[in-house]
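Computation of the quantities below employed the complete heavy-atom set of this structure, encompassing side-chain atoms and omitting hydrogens, waters and symmetry-equivalent molecules. The chains referred to below are lettered A, B, ... by the order of the sequence lines, with proteins before strands, and numbering in each begins at 1.
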Protein chains: 2
Amino acid sequence: MFFTYPKESDVAYPVQDETRPSPAPQGDCAPGPEVETLVREMIGRVADKWTMLVLEELTEHGVVRFTRLGELVGGISQKMLTKTLRQLEADGLVRRTVHPVIPPHVDYRLTSLGESLSEAFCGVWIWAEQHHREVAAARQMFRSTEEAATPD
Amino acid sequence: MFFTYPKESDVAYPVQDETRPSPAPQGDCAPGPEVETLVREMIGRVADKWTMLVLEELTEHGVVRFTRLGELVGGISQKMLTKTLRQLEADGLVRRTVHPVIPPHVDYRLTSLGESLSEAFCGVWIWAEQHHREVAAARQMFRSTEEAATPD
DNA sequence: CAGCATCCTTTTTGATACTG
DNA sequence: CAGTATCAAAAAGGATGCTG
């Protein structure tokens, strides 16, 4: 096999420094070393395929029933929906309410804690909205650069 | 996939309203219906176990080499690190620089686009920092409520 | 050092069937 | 309707060996 690097973004200059301690160039929200642990925990919780989506739909629609929520999220199996909701409930982000009627009626809504998280994610939503074009462009460029490096 | 139930709600329950169209109760960053699609795309991109962590470390340390980055993130295999970085690079969030020396020297840094995302995520960091106790408490309560309901 | 390739284990997810 | 239980498929992730 030949040169297997898919592509090179950039080549050159002799090495000098790396891992410079200089802080974040912008906003900077540098969490302390201990805080990082728990931040990671939270990320682990939320960083899955469905949690954010469910959170989003609950934010948008307020009080929603199980099946309806599944429709809103779209593409989720009831198994995953159940699991995701249980997790959110366990973390105090969602409140589950059972109405003792027949047939069963269960609805879900964000707790205030859940709402606060949703708010926190707002920034990311907005970012996605504002920058998705740039991402799409970057992706396309990456692909073409990639295939340029692949001698077919 | 969800099985498509015949009709959504053909029954009227003595329950108030559900799925109310009224907007988010608080901050409100309601993305338009079309925008949501791409927002979801972005979420799909970022919502995995490592991406945010890598982003975070790059935010904190600026320019970092491959191995070092792996150490900083902690617990990540080189396979996953490579994959995550490739993805970030493809999305234009990270720039990979190869220094043609022996032994190889490759470093990574955020692009300005990556920095903007990192900034957007700041809110989540802060949220985690502020609310992790509440989450921990909720979790504990959930567990005890749970086992109280389990007749062993 | 910075990967890629391959094999293998662990998780995750989905599709069904069944229940109160 | 709103789940649970179960089985099977798929994806993610890890370990190792091998390069330039």
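With sequence neighbours left out, A:Thr111 forms a side chain to side chain donor-acceptor pair (under 3.5 Å) with no residue at all. Residues satisfying the side chain to side chain donor-acceptor pair (under 3.5 Å) test with A:Glu89, not counting sequence neighbours, are none. Partners of A:Arg86 under the side chain to side chain donor-acceptor pair (under 3.5 Å) rule, at least two apart in sequence or in another chain, do not exist in this structure. Residues that satisfy the ring pair (Phe, Tyr, Trp, His ring centres under 6.0 Å) test with B:Trp127, not counting sequence neighbours, are B:His131.
Between B:Phe66 atom CZ and C:dC1 atom P the separation is 12 Å, expressed in whole Å. Whole-Å rounding puts the A:Leu81 CG to D:dC1 P distance at 14 Å. Rounded to an integer number of Å, the gap from B:Glu71 CD to C:dC1 C1' is 12 Å. Between the CG atom of B:Leu69 and the P atom of C:dG3 there is a distance of 10 Å, given to the nearest Å. Across the protein-nucleic acid pair, A:Ile102 atom CD1 and C:dG20 atom P stand 12 Å apart, rounded to whole Å. A straight line from OH of A:Tyr108 to C1' of D:dA2 spans 7 Å, rounded to a whole angstrom.
For B:Arg86, no side-chain nitrogen or oxygen approaches OP1 or OP2 of C:dA2 to under 4.0 Å. OP1 or OP2 of C:dG3 has at least one side-chain nitrogen or oxygen of B:Arg96 nearer than 4.0 Å.
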Could you go over nucleotides 9-13 of chain D and give all protein N or O partners under 3.5 Å, atom names and distances?
from	atom 1	to	atom 2	distance (Å)
D:dG13	N7	B:Lys79	NZ	3.2
D:dG13	O6	B:Lys79	NZ	3.3

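When distances run from any side-chain atom of A:Pro104 to the nucleotides D:dA2, C:dA2, C:dC4, the shortest one goes to D:dA2. When distances are taken from the side chain of B:Pro103 to each of C:dC4, D:dC1, C:dC1, the shortest belongs to C:dC1. The side chain of A:Arg65 approaches D:dC1 more closely than any other nucleotide in the set D:dG3, D:dC1, C:dG3. You'll find that the side chain of A:Thr67 is closest to D:dA2, out of D:dA2, C:dG3, D:dG3.
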Which donor-acceptor pairs under 3.5 Å do the side chains of residues 73-82 of chain B make with protein atoms, sequence neighbours left out?
from	atom 1	to	atom 2	distance (Å)
B:Ser77	OG	B:Met80	N	3.3
B:Thr82	OG1	B:Gln78	O	2.8

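Judged by distance alone, with hydrogens and angles left aside, the side-chain atoms of B:Asp48 form a donor-acceptor pair with the main-chain N or O of B:Trp50 at under 3.5 Å.
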Go through B:Glu57 and B:Arg68 one step at a time and tell me if the salt bridge (charged side-chain N to carboxylate O under 4.0 Å, His left out) criterion holds. CA-CA 10 Å; B:Glu57 293 307 328; B:Arg68 176 78 179 123; over 6 Å; no

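Judged by atom type and distance alone, A:Gln78 does not reach the base of D:dG3 through any side-chain donor-acceptor pair under 3.5 Å.
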